[in-house]
Amino acid sequence: MAGRVEGKVAFITGAARGQGRSHAVRLAQEGADIIAVDICEDIPSVSRFYAGATEADLAETVEQVEALDRRIVATKADVRDYDALKSALDDGVAQLGHVDIVSANAGIFIFGDQSHLVSEQDWRDVTDINQTGVWHTCKAAIPHLIEQGSGGSIVITSSTAGLKGTPNVAPYTASKHAVVGLMRTLALELAPHSIRVNTVHPTSVDTGMIQNESTYRLFLPDAEHPSRADAEPVFRTINALPVPWVDPVDISNAVLFLASDEARYVTGLELKVDAGYTIK
Amino acid sequence: MGKLEGKVAFITGAARGQGRSHAIRLAQEGADIIAVDICKQIDSVAYPMSTPEDLAETVKEVEALDRRIVAAEADVRDRDALQAAFEGGVAELGGVDVVLANAGIAPMGVNVRPNEWDDVLAVNLTGVYNTVEVAKQSLIERGGGAIVITSSTAGINGIGGSQPGGLGYTASKHGVVGLMRSYANVLAEHSIRVNTVHPTGVNTPMVVNDVMQEFLQNDPSLSNAMANALPVPMLEAVDISNAILWLVSDDARYVTGVTLPVDAGFTNKK
Amino acid sequence: MGRVSGKVAFITGAARGQGRSHAVRLAQEGADIIAVDICGQIDTVPFPMASPEDLEQTVKDVEALDRRILAVQADVRDYDAVSAAVADGVAQLGRLDIVAANAGISELGTPTADMDERSWQNTIDVNLTGVWHTCKAAVPHLRAAGGGSIVITSSGAGLKGMANLAAYVSAKHGVVGLMRTLANELAPDGIRVNSVHPGVVNTPMVQNDAIYRLFRPDLESPTRDDAMGVFTSLHALDIPWLEAVDISNAVLFLASDEARYITGVTLPVDGGFFVK
């Protein structure tokens with residue numbers, strides 16, 4: 001039986017691990033070939049929270065996709081560097097023939113300071129990666145999608161923080177709201193080309209971005225070395241459904257749906273995959 | 001000179017609480033008032049509803065401001081009675097410029113009563129529809145006007161508990177948002193603006209009574225949910241009146257189709 | 001007694017347009033003003049920006065109302081300059097109660113995929129980072145005053161998408177996220193934070209050839225009259241645009257104690273743009 005995205009090619013940023021890798025694997029399971037990019041480096045402002053992805057992580061994504069008998073072109077590239085990103089995509093398209101699906105997934109998470117205490121560097125890094133990086137990703141892909149004339153699907157990874165405010169997470173929240181504006185603009189611009197544009201809004205996802213001591217401490221400010229087990233009950237309280245976090249594949253399944261022809265008339269949508277976080 | 005000099009406002013649920021506060025605040029700015037209220041109990045409502053004496057007090061307070069007021073007992077569920085009350089007011093005061101669909105009930109309680117769902121939908125949703133329908137021709141003839149529907153934080157959020165009255169309250173307060181948005185579009189060509197306000201808990205007899213307090217305290221998730229972001233447990237009715245005054249004044253002449261929370265940050269915090 | 005008597009308001013982008021209107025309207029109701037504006041051109045902005053003479057006119061307009069005003073040329077992209085301007089204003093005027101983060105630009109209307117890097121960056125830097133700088137500089141002074149009101153000027157485009165204006169729309173959505181975060185952070189201090197979302201407003205940022213072309217791409221040299229029909233079609237009410245004072249009246253309401261329990265709110269002042 002043909003996969004749900006059989007014969008399509010998906011461009012995924014932040015694909016070395018976490019949600020990005022999960023998207024690559026899930027789309028490959030359903031028949032897509034993959035163009036994967038990731039910075040594969042530590043970013044100084046992020047290092048105090050969690051370590052950056054590595055080239056070994058990206059190699060692991062390649063291995064997992066190839067194990068599914070799908071093709072993958074993986075490149076180390078920073079979404080802040082438009083030229084590098086574009087050449088990675090162009091190279092992928094040259095090898096795999098076309099691009100149909102875009103998953104603008106690369107992002108960083110910095111938190112802890114009240115808005116007026118955030119450093120210029122932190123604000124700049126989050127804005128450049130989470131917002132300008134998403135624009136770069138779309139900007140690089142759109143000419144291909146238009147020229148191919150066969151439509152396409154862009155899925156931008158926002159966040160529950162793209163729909164509501166949380167104290168002490170200002171740059172991240174601003175950037176995740178901003179990509180909703182970008183999505184709404186793109187959905188209008190690209191509708192005549194049958195290119196659909198949507199956002200997904202995950203609650204906490206079980207990846208390294210939240211599974212680290214710094215994030216645990218955000219929820220448990222009084223604990224000295226809070227563990228995953230300590231954090232679990234606190235995370236549980238933020239969702240309406242009785243789960244502390246969701247798995248990366250839960251977001252991938254939403255991305256897959258939006259990327260597939262099953263969603264051929266879905267555009268301009270903010271799709272929450274949030275265990276009821278925002279309605280609670 | 002007041003912001004509403006020479007205007008006439010039609011206010012439902014005007015015997016006490018927010019409705020009375022609106023009548024006084026608008027009268028302070030020069031408006032004459034057509035006030036209606038049911039002034040009777042509805043069986044599914046556990047807390048005491050307004051009385052004829054309450055409505056008489058509203059009349060007294062508006063008249064003390066040297067404004068005219070025509071008050072009538074009428075149930076917003078009863079279109080004919082509401083129409084008659086409205087026309088009685090217009091006959092004395094002239095056409096209406098401002099409509100405040102404020103009448104509402106909150107039939108929540110620890111013990112479920114019969115007909116909670118039907119009654120709350122009838123008053124809070126159908127009653128608002130009746131109010132606008134009764135008044136809209138007058139606004140059109142006046143060449144424009146402003147309608148404000150009182151919704152609630154429960155018109156934006158899924159709060160109110162799991163009993164029929166609470167579910168119906170939340171459903172009705174969401175429902176009027178749809179009504180507002182449609183009216184805003186269809187009445188725009190007549191220069192009639194339509195908006196909703198969404199108060200958090202307000203210090204009125206609907207909230208400050210034993211039944212409601214017992215209900216809120218009985219469900220910790222609900223009493224937590226009632227926490228405002230600003231350090232204030234409860235708003236005063238005049239805070240809602242001030243928002244409404246702005247919306248119906250010419251200061252907001254191009255504001256329409258808007259859901260305005262007056263909620264001490266309750267919605268944003270959730 | 002004015003509705004904001006005795007208060008001091010910090011307004012960015014105050015040299016003309018909505019910013020000047022806010023300064024005048026708040027001064028009419030008793031506020032003193034700290035005004036900043038870049039008073040210079042940013043080269044990716046397709047219309048003439050404010051001049052030092054514009055800012056001087058704002059000063060005159062406020063002083064004619066017998067209110068005090070401190071006006072400083074400063075670029076909201078430059079945090080140190082903004083921070084120094086506020087600190088200087090507070091030193092001279094005594095306190096800070098109201099913030100109108102109003103400074104904003106727009107880029108040339110361009111399909112998103114064709115936009116150049118500098119246009120994107122400038123719009124994001126002014127419209128998003130500049131608003132953050134404004135709030136960041138003001139918060140300690142608001143705390144010192146024991147509370148206050150921040151009003152961020154977003155846009156109808158902060159709630160809805162518009163084709164060919166990606167950086168503007170993104171930044172105007174971004175400040176909603178910032179507003180929601182600040183509202184939660186600052187509520188315990190009695191500081192309220194809200195955003196206003198104007199429709200088309202009759203100011204130099206709208207009344208220029210670049211904007212006419214954005215809305216009438218079918219014409220080579222569209223005029224104000226050519227654009228009016230499209231502007232009107234954007235609003236539910238039968239108006240091509242709002243006047244700046246309509247936005248000022250909303251800012252005034254949110255800044256005043258009449259709105260003492262309103263925070264975290266996105267308030268469209270848009271002639272029915274959002275609902276339509």
Side-chain angles (χ1 to χ4, degrees), chain B residues 3 25 144 156 177 180-202 227-236 238-247 249-270, chain C residues 3 25 147 156 159 176 179-202 235-243 245-254 256-276:
Chain B
K3 282 174 183 296
R25 191 74 191 85
I156 304 174
V177 172
M180 176 277 284
R181 289 186 173 134
S182 290
Y183 276 130
N185 280 326
V186 299
L187 297 175
E189 63 169 311
H190 302 291
S191 299
I192 297 167
R193 301 180 295 102
V194 192
N195 299 287
T196 47
V197 290
H198 300 262
T200 184
V202 181
N228 298 323
L230 293 175
V232 53
M234 199 171 281
L235 278 57
E236 296 301 325
V238 72
D239 294 305
I240 318 306
S241 304
N242 280 329
I244 286 175
L245 171 62
W246 179 72
L247 282 172
S249 76
D250 287 343
D251 282 352
R253 63 183 174 163
Y254 295 141
V255 177
T256 192
V258 165
T259 54
L260 177 57
V262 185
D263 72 351
F266 173 84
T267 299
N268 184 60
K269 184 182 175 186
K270 275 185 62 63
Chain C
R3 291 160 64 193
R25 191 72 191 90
L159 302 171
V176 174
M179 177 279 284
R180 289 180 174 147
T181 300
L182 284 167
N184 280 327
E185 276 176 18
L186 301 176
D189 300 307
I191 300 168
R192 301 179 293 102
V193 191
N194 298 285
S195 54
V196 291
H197 299 263
V200 179
V201 183
N202 185 17
H235 304 124
L237 295 177
D238 185 25
I239 51 168
W241 43 66
L242 295 77
E243 298 300 329
V245 71
D246 294 305
I247 317 307
S248 304
N249 282 328
V251 170
L252 170 63
F253 169 69
L254 290 172
S256 77
D257 292 342
E258 294 162 29
R260 63 181 175 162
Y261 294 137
I262 297 181
T263 193
V265 165
T266 55
L267 177 56
V269 184
D270 70 353
F273 169 82
F274 180 69
V275 76
K276 192 173 176 182

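When all heavy atoms are compared, the tightest approach of N185(B) to K276(C) is OD1-CA, 3.5 Å. Closest of all the heavy-atom pairs between D270(C) and T256(B) is OD1-O, 3.9 Å. Closest of all the heavy-atom pairs between R3(C) and D251(B) is NH1-OD2, 3.5 Å. A229(B) and A187(C) get closest at one heavy-atom pair: O-CB, 3.2 Å. Heavy-atom minimum distance, A188(B) versus A236(C): CB-O, 3.2 Å. In terms of heavy-atom proximity, V245(C) sits nearest to R253(B) at CG1-NH2, 4.4 Å.
In this structure, chain C has a heavy atom under 4.5 Å from the side chain of V232(B), while its backbone stays farther away. For a residue to count as touching a neighbouring chain, one of its non-hydrogen atoms must lie under 4.5 Å from one of that chain's; by this rule I239(C) touches chain B with the side chain only.
In this structure, NE2 in H235(C) is found 10.0 Å from OH in Y254(B), a value given to the nearest 0.5 Å. To the nearest 0.5 angstrom, I240(B) atom CD1 is 8.0 Å from I262(C) atom CD1. Note that CG of N194(C) is 9.0 Å distant from CG of L260(B), once rounded to the nearest 0.5 Å.
Under the rule for a side-chain hydrogen bond (donor to acceptor under 3.5 Å, both in side chains), the partners of D189(C) that lie at least two apart in sequence or sit in another chain are R143(C).
Heavy-atom pairs under 4.5 Å with chain B peak, among V265(C), L237(C), I191(C), at L237(C). Among the candidates A183(C), G190(C), G199(C), A250(C), the residue making the largest number of heavy-atom pairs closer than 4.5 Å to chain B is A250(C).
Residue pairs meeting the side-chain hydrogen bond (donor to acceptor under 3.5 Å, both in side chains) criterion with at least one member in residues 260-269 of chain C, sequence neighbours excluded: D239(B)-R260(C).
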TODO: Apply side-chain contact (heavy atoms from CB on, under 4.5 Å) to V258(B) and V275(C), showing your working.
DONE: CA-CA 7 Å; V258(B) 165; V275(C) 76; over 6 Å; no
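Using modelled atom types, no side-chain atom of N242(B) and backbone atom of A259(C) make a donor-acceptor pair closer than 3.5 Å.
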